[in-house]
Amino acid sequence: MPSDFEGPMIRVSDLVTHYGDRRILNHVNLDFPTGETMVILGGSGTGKSTLLRHIMRLESPTSGQILIRGHDICPMSEDQFNQIRRKIGMLFQSAALFNSMTIEENVALPLRELTQLEDSTIRIMTRIKLDLVGLNGFENYMPSQLSGGMKKRAGLARALAMDPEILLFDEPSAGLDPITAAGIDSLILKLKLAFRMTIVVVTHELASAFMIADRITVMDRGEVIATGTPEEIRNSQHPRVLQFLNRIPEGDQVDAQEYLRSLTEN
Amino acid sequence: MTAVFAFLGRNTLGFFRYLSGIYDLSAKAAYWTFVAPFKGRYVKWGSAIHQMVVAGVDSIPIVSLISLFIGIVLGLQGAYQLAKFGATYFVTALVGVSMTRELGPLITAIVVAGRSGSAFAAELGTMKVSEEIDALEAMGLDSVRYLVVPKYLAMLVMMPCLTLISDLSGILGGAAFEIAQLGKTFSMCLSATQDALAMHDITTGLIKSLVFGLIITKIGCYEGFSVRGGAEGVGKATTSSVVVSIFLIILADVVFTAIFYFTSS
Ligand SMILES: Nc1ncnc2c1ncn2[C@@H]1O[C@H](COP(=O)(O)OP(=O)(O)OP(=O)(O)O)[C@@H](O)[C@H]1O
Ligand SMILES: [Mg+2]
């Protein structure tokens, strides 16, 4: 991959996806500019994780394209995509550490399997990543012995193992105390400044979104309803965006007749 | 009426989807075992050996104990029938032939299906719901290569070994009964067994055990990969892996026994 690539690191164009017969993403168009942090906001079940899974090619779309550095990843062979995949790190919503391995082995796994590095080098690199996320001293712990926040950070260390150019975060601070969550936010800022990574963060935390984002995208029911700088989003007049930003609950005026009918129909 | 057709259709469809899923998984496993090593992507022998210990070596006590009891039971039942003809001499042959041709492989397979097949389904199912399999794929590490192939190899090596152990324990169990109750000596039992057993009795049993090993791995891993939802999905997959593999083991047993019967006569 040439490092002087101009244009967006990731471009999603006209993406349509289904789970079974249900349409999850509906003609999504999004650019993720190189070196910027994009925050994706949206209610539960609107397809944010699904979008990330498609960028990682864990799922194949019904139609549309996903370009990474200008290359469409969908028709690529497994070997071709593996070259790109090495440059992408992903932190899963549930951290997804390998429970049968220690923290150190978890972080070292991609280095062991995908590079020809010496064991001693791998060891040092693993320690550096664990240091970066503030987990030194926990190398020999099993994932089950860590708290939720520590697991997230260990997952992040593993995502960073291969020095990726793209980092995908699925709800990095969900379920964490405010201090740990703020710690992860400042880590994300640090990564962006120090390594010029292209970062995508899915989150529900509005405060953290506005702190770390260069651009924000709001999704609703499988569609992108707004995208722009934090300022533009804050000034958006789109009713769903306003509802999301002002935390107004769903459906105040339910038709009573309609509601009763929905209960009695099986 | 339409409900009946809908039911049949849905189940037939589900059945074929199951078959094609198992076929896909087997094809991928075969690729990573036989083709990929020539492209420099070697089999993970380390985890294969780990699986051999967990699925094979650790099963030795239970397999030998159960086979010993079955050997004693066979001796008892055989003596009960054969005593009517004054032919208790043939009890040894009866035990030896039934163990090697039939019961050794079958008992081993059923024990291993319960111990290891279910463990495969539970392990992969848990990894699936905790997104570990996705994480593996996201690193570009193939989940079939890393998780399934070592299990296949372990089973293909360990099933014949366990079957031999089972054969031996069953024969010893029968002999123990005969020595205690029929007044035979150990050397009498030994030579009677040698007379009764032909090499192909043992080899057909071992061939069966390989097939059973494949069935247990295929079903266990497939059930594990197809887990949806959370912990209760894992539980369901574990149960159905045992039920389905025992059913298929007995089905395969019928087929192979028939083939051996008709080709050797
Ligand atoms: N494996 C699957 N099979 C079928 N449907 C699925 C599957 N995964 C997700 N879905 C459906 O797709 C929709 C979008 O799910 P997704 O996980 O992308 O939501 P999300 O925006 O990440 O929500 P959250 O903020 O709660 O994580 C949901 O309605 C869900 O029911
Ligand atoms: Mg999600």
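Within every chain, numbering begins at 1; the chains are lettered A, B, ... in the order of the sequence lines, protein sequences first and strands thereafter.
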More than 12 non-hydrogen atoms from neighbouring residues, nucleotides or ligands closer than 6.0 Å to [atom1] on [X], yes or no?
X      : atom1 : answer
B:K236 : NZ    : no
B:R115 : CZ    : yes
B:F5   : CZ    : no
A:Y141 : OH    : no
B:K28  : NZ    : no

Residue [X] versus chain B: region with a heavy atom under 4.5 Å:
X     : value
A:D79 : side chain
A:L97 : backbone
A:R57 : neither

Test side chain to side chain contact (heavy atoms under 4.5 Å, CB included) applied to B:D134 and A:R53, step by step: CA-CA 9 Å; B:D134 289 333; A:R53 294 176 63 80; 2.8 Å; yes
Heavy-atom donor-acceptor pair, A:R85 side chain to B:E137 backbone, under 3.5 Å: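 Yes, the answer is positive, given that a donor and an acceptor are paired below the 3.5 Å cut-off.
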Any donor-acceptor pair under 3.5 Å from B:E132 side chain to A:A96 backbone: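 Absent.
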Interatomic spacing from CD1 in B:I133 to CG in A:L58 - rounded to 0.5 Å: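 B:I133 atom CD1 to A:L58 atom CG measures 11.5 Å (nearest 0.5 Å).
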Flag side-chain contact, heavy atom, 4.5 Å: A:M90 against B:M139: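 When only atoms from C-beta onward are counted, B:M139 and A:M90 do not touch, as no gap falls below 4.5 Å.
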B:L136, part contacting chain A, at a heavy-atom distance under 4.5 Å: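 Backbone plus side chain of B:L136, per the 4.5 Å heavy-atom cut-off to chain A.
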Atom of B:S130, atom of A:S94 and distance for their closest heavy-atom approach: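 That would be O-OG, 3.5 Å.
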Residues of residues 113-128 of chain A within contact distance of chain B, non-hydrogen under 4.5 Å: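 If one takes a 4.5 Å heavy-atom cut-off, the residues of residues 113-128 of chain A near chain B are A:E113, A:L114.
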